[in-house]
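Whatever order the structure lists ligands and atoms in, that order sets their numbers, starting from 1.
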Amino acid sequence: MTNKIVQPKTSIILFGATGDLAKRKLYPSIYSLFLSGKLSDNFVVIGAARRPWSDAELRENVKKAIEETHLSNERIDEFCQHFFYLPFDVTNTESYLKLKHKLEELEAKFEIPGNRIYYMAMAPQFFGTIAIQLKKEGVTQSEGWNRLVIEKPFGHDLPSAQKLNNEIREAFSEDQIYRIDHYLGKEMVQNIEVIRFANAIFEPLWNNRHISNIQITSSEVLGVEDRGGYYETSGALRDMVQNHLLQMVLLLSMDPPIRLATNEVRSEKIKVLRAIRPISTDEASDYFIRGQYAAGEISGSEVPGYRQEKNVKEDSTTETFVAGKLLIDNHRWAGVPFYVRTGKRMAVKSTKIVVQFKDLPLNVYTQKSEDMTIHPNLLVIHIQPDEGITLILNGKKVGLLGETIPVDLEFKNNSIDGVNTPEAYERLIYDCMLGDATNFAHWDEVNLSWALIDPISKAWAESNEEIEQYVSGTMGPKSSEQLLSNDGFKWWALKDL
Ligand SMILES: NC(=O)C1=CN([C@@H]2O[C@H](COP(=O)(O)OP(=O)(O)OC[C@H]3O[C@@H](n4cnc5c(N)ncnc54)[C@H](OP(=O)(O)O)[C@@H]3O)[C@@H](O)[C@H]2O)C=CC1
Ligand SMILES: O=C1O[C@H](COP(=O)(O)O)[C@@H](O)[C@H](O)[C@H]1O
C-alpha cells in the first residue's frame with residue numbers, strides 16, 4: 001500500500017526573512033519539503049523584513065543558505081522561483097496593505113486558495129503588533145485557512161506570556177495558533193510516545209512501582225555565540241527548561257491518550273503538568289541549582305567564560321547551566337524524581353533520556369558474593385546527535401564464576417550527523433500546513449509551565465549568592481551532582497550510554 005503525499009497549497013509569509021533563523025533553519029527546511037515532494041507547484045514564500053532587498057537578492061540568500069546546509073542543490077532554481085521579497089516595516093500600516101495585494105496577486109498566479117501561514121521569525125516584541133495589524137488591515141480575510149506560527153520565546157514570564165497571548169488572540173483563535181517548540185519536531189522526541197504506547201513491555205512498568213528516577217539531559221558544547229543580548233534576559237531556565245525540557249517531561253509522564261488526536265494528547269499533557277509539584281521561591285534551592293561557564297578548553301582550544309562573551313555584563317549572574325528535580329504528585333509518579341539538566345559549554349553535545357528502573361527486591365547474584373554488583377536496568381532514549389534506544393540489562397559474564405555484566409540491546413536510527421534541527425523545523429512546518437497542531441504547545445501548557453518556572457527565576461533574581469562557576473568543557477557545577485546524590489542517585493555518564 002502506498003501513502004499518497006498530501007501537498008497543501010500554501011503561501012508562507014515569513015516575517016524576519018533576512019534574519020538568522022530564516023537562513024539557518026527555515027529556508028533549508030522548506031527546501032527539504034520541496035525535495036521530498038511535500039510542496040506542490042502551488043506554493044509561495046513571501047519574505048518580509050526592513051532591508052530593501054529585491055526578489056533576486058532574497059533568492060540569492062536562500063540559495064546560499066541551502067548550499068551551506070544541504071549536500072546537493074538539486075532543482076534549486078526551480079525552488080527559488082517560488083520566493084518573493086517585500087520590504088516591510090511591522091509598525092507601518094502601508095506595509096500590511098502591500099502584503100495583502102502581493103498575496104492576492106501571487107495566489108492568483110500560483111493557484112493557491114488563500115491558505116496562509118504567517119511565520120513570526122522576528123524579535124518577540126513584534127509578535128503581538130503583527131498579529132493585530134494582519135487582522136486590522138484585512139490580510140487574514142482570505143478564502144482559505146490562516147495560521148500563525150509563533151517562535152520562542154513565548155513571553156519572559158507568566159504576565160508577559162499572558163499579555164502576548166491576549167494580543168495574538170485578538171486576531172487569531174487558539175486553533176489557528178502554532179507555538180513552535182522545535183524539540184517536539186525531533187524524531188526521537190516524537191518516538192517517546194511510540195516507545196511508551198506501542199510496546200507491551202514498557203507500559204506496565206511505566207510507574208513508581210518499577211521506575212526509580214528519570215534523567216533528561218540536554219548539553220551543548222557551544223557557548224552563547226552571537227546571542228549574548230538575548231541570553232542575558234533569558235538564561236538556561238527560560239531558554240531551555242520552561243519549554244524543551246518540560247515538554248520532554250510531559251511526554252514521558254503523561255497517561256496514554258485515548259486516541260492520537262491533538263486535543264487528546266494535549267489534554268493528557270496538561271493533566272500531568274497540573275500534577276507537577278509547585279516549587280515556591282523559598283524552596284527553590286532544594287529543587288533547582290544553577291551555574292555559569294568559566295573559561296576552559298574545548299576540543300583542545302581555549303574558550304572564554306560567559307562574562308567575557310559579547311553583549312554580556314562582566315558581572316552577569318545569568319545562568320548558563322540548570323539542573324532541577326521535578327516531582328509529579330499523582331498515582332503513577334508519586335515518589336519518582338524527574339531530573340532535568342541543560343547547559344552551554346559542556347563536555348558533549350548530547351540530548352538523552354535515561355529511565356532508571358528499580359532494583360529487584362531480592363537479588364540472588366548480589367546475595368552470592370559481596371563483591372558482586374548488579375547494574376540497574378536502564379532504558380536510554382538517544383535524542384541527538386545519535387538517535388536510537390538502548391536497553392541495558394544484566395547478562396552472564398562469560399566464564400565459570402557466574403558473574404553478571406551489563407549488556408546493551410541497541411537500536412540506532414540512521415540519522416544525519418549533527419543536522420537534527422532543520423529536520424525538526426521541516427516536520428513542524430509541514431504539520432502546520434496540514435493543520436496538525438499536536439506537536440505545538442497549547443496556551444494552557446505555556447501558561448502552566450511559566451507558573452512553575454517563575455518562582456525559581458524569582459528566587460535567583462533575588463539571591464545575593466555568587467553564581468557557581470563551572471569550567472567550560474565539563475558537565476556543570478558540583479551542586480548538580482549533589483542534587484542527585486542527596487537522593488541516593490547519580491547522573492549517568494552520557495559517554496557510557
Ligand atoms: N536564531 C536562532 O537560532 C533561533 C531563533 N529563535 C527565535 O526566532 C526569532 C528570530 O530570531 P533571529 O532570526 O535569530 O533574529 P535576527 O535578529 O537574526 O532577525 C530578525 C529579523 O527581523 C527583521 N526585523 C527587525 N525589525 C523589524 C521591523 N521593524 N520590521 C520588519 N522586520 C524587522 C530583521 O530584518 P531587517 O533588519 O532587514 O529588518 C530580521 O530579518 C526570535 O524570536 C528568536 O527568539 C528561536 C530559536 C532559535
Ligand atoms: O531553543 C534553543 O535551542 C538550542 C538548542 O537546540 P538543539 O536542537 O541544538 O538542541 C539552544 O542552543 C538555544 O539556546 C535555544 O534557544
Side-chain angles (χ1 to χ4, degrees), residues 13-29 46-53 57-58 61 65 85-96 98-99 119-130 133 149-156 164 179-189 216-248 311 318-322 342-346 348-352 383-385 387 415 418-425 428 441:
I13 303 97
L14 195 48
F15 297 98
T18 58
D20 179 70
L21 183 74
K23 183 179 81 181
R24 286 196 307 118
K25 314 277 187 190
L26 305 181
Y27 297 141
S29 300
I46 300 180
R50 284 171 307 185
R51 248 157 271 191
W53 281 4
E57 273 170 300
L58 173 68
N61 278 278
Y85 187 76
L86 185 67
F88 195 93
D89 188 334
V90 294
T91 53
N92 182 342
T93 306
E94 192 64 23
S95 288
Y96 295 87
K98 284 192 181 144
L99 173 62
Y119 198 118
M120 308 271 187
M122 290 189 51
Q125 72 259 29
F126 296 122
F127 296 168
T129 313
I130 300 174
Q133 289 285 84
V149 178
I150 299 265
E151 260 303 334
K152 65 172 290 199
F154 198 94
H156 173 76
L164 171 59
R179 297 177 193 83
I180 286 254
D181 183 314
H182 78 276
Y183 268 60
L184 293 177
K186 289 185 190 283
E187 179 65 29
M188 288 307 296
V189 172
I216 304 171
T217 302
S218 187
S219 59
E220 294 186 76
V221 171
L222 291 180
V224 283
E225 307 278 288
D226 293 330
R227 296 172 73 214
Y230 152 75
Y231 205 79
E232 276 288 89
T233 64
S234 160
L237 185 70
R238 293 186 174 98
D239 189 44
M240 292 292 289
V241 179
Q242 179 268 336
N243 37 63
H244 310 318
L245 270 70
L246 259 180
Q247 283 292 341
M248 287 190 277
N311 297 327
T318 302
E319 79 286 353
T320 60
F321 176 96
V322 174
T342 183
K344 295 201 182 280
R345 283 278 188 244
M346 292 174 66
V348 279
K349 166 78 179 167
S350 174
T351 304
K352 284 194 203 307
I383 307 284
Q384 64 182 15
E387 298 183 347
S415 63
V419 196
N420 221 5
T421 306
E423 289 173 40
Y425 275 95
L428 295 174

Are the side chain of S218 and the backbone N or O of T342 linked by a donor-acceptor pair below 3.5 Å?
no
Can you tell me which portion of H182 lies within the under-4.0 Å heavy-atom range of ligand 1? Options are side chain, backbone, both, or neither.
neither
Check: S95 side chain, V90 main-chain N or O, donor-acceptor pair, under 3.5 Å:
no
Side chains of Y27 and N61: any donor to acceptor distance under 3.5 Å?
no
Residue and atom name of the nearest protein heavy atom (relative to atom 37 (O) of ligand 1), distance in Å to one decimal:
R51 NH2, 3.0 Å
Just by distance, do the side chain of T217 and the backbone of K352 share a donor-acceptor pair under 3.5 Å?
no
Ligand 2 to K349 polar contact by distance, N or O atoms, under 3.5 Å
yes
Give yes or no for whether the N/O distance cutoff of 3.5 Å, strictly under, is met between K25 and ligand 1.
no
Tell me whether T351 has any N or O atom under 3.5 angstrom from an N or O of ligand 2.
no
For atom 31 (C) of ligand 1, find the nearest protein heavy atom and state the residue, atom name and distance (0.1 Å precision).
F88 O, 3.2 Å
Which bit of E151 is near ligand 1, meaning a heavy atom under 4.0 Å away: side chain, backbone, both or neither?
side chain
Taking the non-hydrogen atoms of F126, is any one of them nearer than 4.0 angstrom to ligand 1?
yes
Should the pair Y425 and H182 be assigned to parallel (<30°), tilted (30 to 60°) or perpendicular (>60°) ring geometry?
parallel
Is there a polar contact, in the sense of an N or O pair closer than 3.5 Å, between H182 and ligand 2?
yes
At a 4.0 Å cut-off, with the gap strictly under it, does some heavy atom of F127 reach an atom of ligand 1?
yes
To the nearest 0.5 angstrom, please state how far the CZ atom of R179 sits from the CD atom of E151.
13.0 Å
Close approach of Y183 to ligand 2, heavy atoms, under 4.0 angstrom
yes
for atom 7 (C) of ligand 1, nearest protein heavy atom and its distance come out as K152 O, 3.4 Å
What part of A48, side chain, backbone, both or neither, has a heavy atom within less than 4.0 angstrom of ligand 1?
neither
Please could you name the atoms of ligand 2 that K186 approaches to less than 4.0 Å, counting only its heavy atoms?
7 (P), 8 (O)
Which of the numbered atoms in ligand 2 are under 4.0 angstrom from any heavy atom belonging to D239?
13 (C), 14 (O), 15 (C), 16 (O)
Is there side-chain contact between F154 and N243, with heavy atoms separated by less than 4.5 Å?
no
Which residue holds the protein heavy atom closest to atom 4 (C) of ligand 1, what is that atom called, and what is the gap in Å?
L21 CD1, 3.6 Å
Take the angle between the ring planes of Y96 and F88 and call it parallel below 30°, perpendicular above 60°, tilted in between.
perpendicular
What about A123: any of its N or O atoms under 3.5 Å from an N or O on ligand 1?
no
Specify the protein heavy atom at minimum distance from atom 21 (C) of ligand 1: its residue, its atom name, and the distance to 0.1 Å.
G16 CA, 3.6 Å
Determine, using heavy atoms of D89 and all atoms of ligand 1, whether some pair is separated by less than 4.0 Å.
yes
Among all protein heavy atoms, pick the one closest to atom 30 (N) of ligand 1 and tell me residue, atom and distance.
V90 N, 3.2 Å
Return the closest protein heavy atom for atom 20 (C) of ligand 1 as residue, atom name and distance.
A121 O, 4.2 Å
Less than 4.0 Å from atom 1 (N) of ligand 1, is there any heavy atom belonging to the protein?
yes
Looking only at protein heavy atoms, what sits closest to atom 43 (O) of ligand 1 is M122 O, 2.9 Å
Going by the closest heavy atom to atom 5 (C) of ligand 2, which one wins out of K344, E220, H244?
E220
Sub-3.5 Å N/O-N/O distance, Y425 and ligand 1
no
Have a look at D239, T18, D20 and point out the one with the heavy atom closest to atom 16 (P) of ligand 1.
D20
